[in-house]
Amino acid sequence: IAGSAKFITSTRNVHGSSLIPFNYVSFQGGLAKFDNEFKGTFISPEDSIDRKDLFQRSQYNVGIKMNILHWVRSPYPRRLIQDIQLNAGFNFIGSRIADTLVKRNDTLYRTATHNQWFIEPSISFTRNKNLNMCLSLPFYYQNIKASSGIANSSSTWWAAPSINLMYYSKRSTNSKLFFRYVHNIDLKKPKNAFVQLQLGYSVSVTDLLNGK
């Protein structure tokens, strides 16, 4: 489950162009639930951990995203490209780790936290008012806090090309059915890649509160 709150910070364009700098800022967060048998990612005897597994199985995240540039064309005449954005931000990520003290059955479970900075270019396409597709290519720079007690806490670079397909209902353009494909790639170790597929329904809390 994920949620976000967006606040418009500027609507002034650059010299009458379609380019708007610092258009908005958004705050976002999410929670993930795994099967009951998963309690945490195990630490090796050398106090190191599988960084891909730790990132892939993160249980919560909170962060902020700021728009740097937002390019918006007028919808008339009808155009295929809806907008182009360049965003940047920071996420605070928590993952559960399993620290074996004496033997594998004697385990201490605790949370390891990540710092994640990112920059995200994206482009959106729209067709027939109800269909939208967004392509994005965020780059993540992340490390694990030293307080987590993990030896290999050094910084890593990730790229996450994604495709987001959305269908908007005719009643409300703020609610949508979506399908998301994300391919996460460790740029230092490309074999440490993993894929995320999501199918869900997004609703506007504001519309729900207003009875729409």
Measure the acute angle between the ring planes of Phe34 and Phe38, then classify it against the limits of 30° and 60° as parallel, tilted or perpendicular.
perpendicular
Same hydrophobic cluster for Ile64 and Ile8, using side-chain heavy-atom links shorter than 4.5 Å among ILVMFWY?
no
Taking every non-hydrogen atom, the tightest pair across Gly200 and Leu177
O-CD1, 3.3 Å
Can you measure from OH (Tyr181) to CD1 (Ile163) and round to the nearest 0.5 angstrom?
7.5 Å
Straight-line distance of Thr113 OG1 to Leu54 CG, nearest 0.5 Å:
9.5 Å
Evaluate side-chain hydrogen bond (donor to acceptor under 3.5 Å, both in side chains) for Asn23 paired with Ser10, printing each intermediate quantity in order.
CA-CA 5 Å; Asn23 183 214; Ser10 174; 6.0 Å; no
Of the non-hydrogen atoms in Thr111 and Gly94, which two are nearest, and what is the gap between them?
CG2-CA, 4.1 Å
Joining Ile, Leu, Val, Met, Phe, Trp and Tyr whenever any side-chain heavy atoms lie under 4.5 Å apart, the cluster holding Trp158 also takes in Phe55, Ile93, Phe118, Tyr140, Phe194
Backbone N or O of Asn91 within a donor-acceptor pair of the Asn61 side chain at under 3.5 Å?
no
Hey, what do you get for CD1 (Ile49) to CD1 (Ile43), rounding to the nearest 0.5 Å?
5.0 Å
Considering only heavy atoms from C-beta outward, does the side chain of Ser4 approach that of Phe27 to under 4.5 Å?
no
Using a 4.5 Å cut-off on heavy atoms from C-beta on, say whether the side chain of Lys145 contacts that of Asn115.
yes
Met133 side chain near Asn164 side chain, heavy-atom distance below 4.5 Å
no
Evaluate whether atom NZ of Lys189 has more than 12 neighbouring non-hydrogen atoms of other residues, nucleotides or ligands under 6.0 angstrom away.
no
Yes or no on side-chain contact (heavy atoms from CB on, under 4.5 Å) for Ser175 and Val203, after CA distance, side-chain angles and deciding distance?
CA-CA 4 Å; Ser175 300; Val203 298; 4.2 Å; yes
Apply the test side-chain hydrogen bond (donor to acceptor under 3.5 Å, both in side chains) to residues Asn67 and Asn87: give CA-CA distance (whole Å), side-chain angles for both, the deciding distance (0.1 Å), then the verdict.
CA-CA 4 Å; Asn67 172 255; Asn87 304 311; 2.9 Å; yes
Distance alone, cut at 3.5 Å: any donor-acceptor contact between the side chains of Ser153 and Asn143?
no
Side chains of Ser124 and Asp83: any donor to acceptor distance under 3.5 Å?
yes
Which heavy atom of Lys52 sits nearest to which heavy atom of Ala193, and what is that distance?
CD-O, 4.0 Å
Are Val62 and Leu31 grouped together when hydrophobic residues (ILVMFWY) are joined by side-chain heavy atoms under 4.5 angstrom apart?
yes
Validation row: Asn132, Phe125 side chains within 4.5 angstrom (heavy atoms)
no
Nearest 0.5 Å, please: how far is OG1 in Thr9 from CD1 in Ile20?
10.0 Å
Could you grab the distance from atom OG of Ser58 to atom CD of Gln116, nearest 0.5 Å is fine?
8.5 Å
What do you reckon, is NZ of Lys191 surrounded by more than 12 foreign heavy atoms closer than 6.0 Å?
no
Ile81 versus Trp71, closest heavy-atom pair with distance
CG2-CZ3, 4.0 Å
For Asp35, is the CG atom crowded, meaning more than 12 foreign heavy atoms sit under 6.0 Å from it?
yes
Please assess Leu86 against Glu120 for the test side-chain contact (heavy atoms from CB on, under 4.5 Å), listing each intermediate value before the final yes or no.
CA-CA 6 Å; Leu86 179 64; Glu120 177 192 51; over 6 Å; no
Do Leu135 and Leu80 share a hydrophobic cluster (ILVMFWY, side-chain heavy atoms under 4.5 Å, transitive)?
yes
For residues Val182 and Val195, determine if any side-chain heavy atom of one lies less than 4.5 Å from a side-chain heavy atom of the other.
no
Suppose we screen for salt bridge (Lys or Arg N to Asp or Glu O under 4.0 Å). Which residues come up paired with Arg110, at least two apart in sequence or across chains?
Asp99
Could you see if Leu69 belongs to whatever hydrophobic cluster contains Ile84? Use Ile, Leu, Val, Met, Phe, Trp, Tyr and a side-chain cutoff under 4.5 Å.
yes
From CA spacing to verdict: side-chain hydrogen bond (donor to acceptor under 3.5 Å, both in side chains), Ser162, Ser136
CA-CA 5 Å; Ser162 67; Ser136 65; 2.6 Å; yes
Quick one, Arg180 with Gln196, criterion side-chain contact (heavy atoms from CB on, under 4.5 Å). Give me CA distance, side-chain angles, the key distance, then yes/no.
CA-CA 8 Å; Arg180 183 179 297 126; Gln196 292 174 313; over 6 Å; no
side-chain contact (heavy atoms from CB on, under 4.5 Å) evaluation trace for Arg96 with Thr41
CA-CA 6 Å; Arg96 292 278 289 174; Thr41 302; over 6 Å; no
Aromatic ring pairing Phe92/Tyr60, orientation class (parallel under 30°, perpendicular over 60°, tilted between)
tilted
For a 4.5 angstrom cut-off between non-hydrogen side-chain atoms, does His15 reach Ser17?
no
Between Ile97 and Ser148, the two heavy atoms sitting closest are CD1-O, 4.2 Å
Residue that, paired with Ser95, satisfies side-chain hydrogen bond (donor to acceptor under 3.5 Å, both in side chains) out of Arg57, His114, Gln56:
His114
Under 30°, 30 to 60°, or over 60°: which ring-plane class applies to Tyr141 and Trp157, parallel, tilted or perpendicular?
tilted
Is it possible for you to say whether Tyr24 and Met66 belong to one hydrophobic cluster, with membership spreading through side-chain heavy-atom contacts below 4.5 Å?
no
So does Leu131 get a backbone contact from the side chain of Lys176, meaning a donor-acceptor N/O pair under 3.5 Å?
no
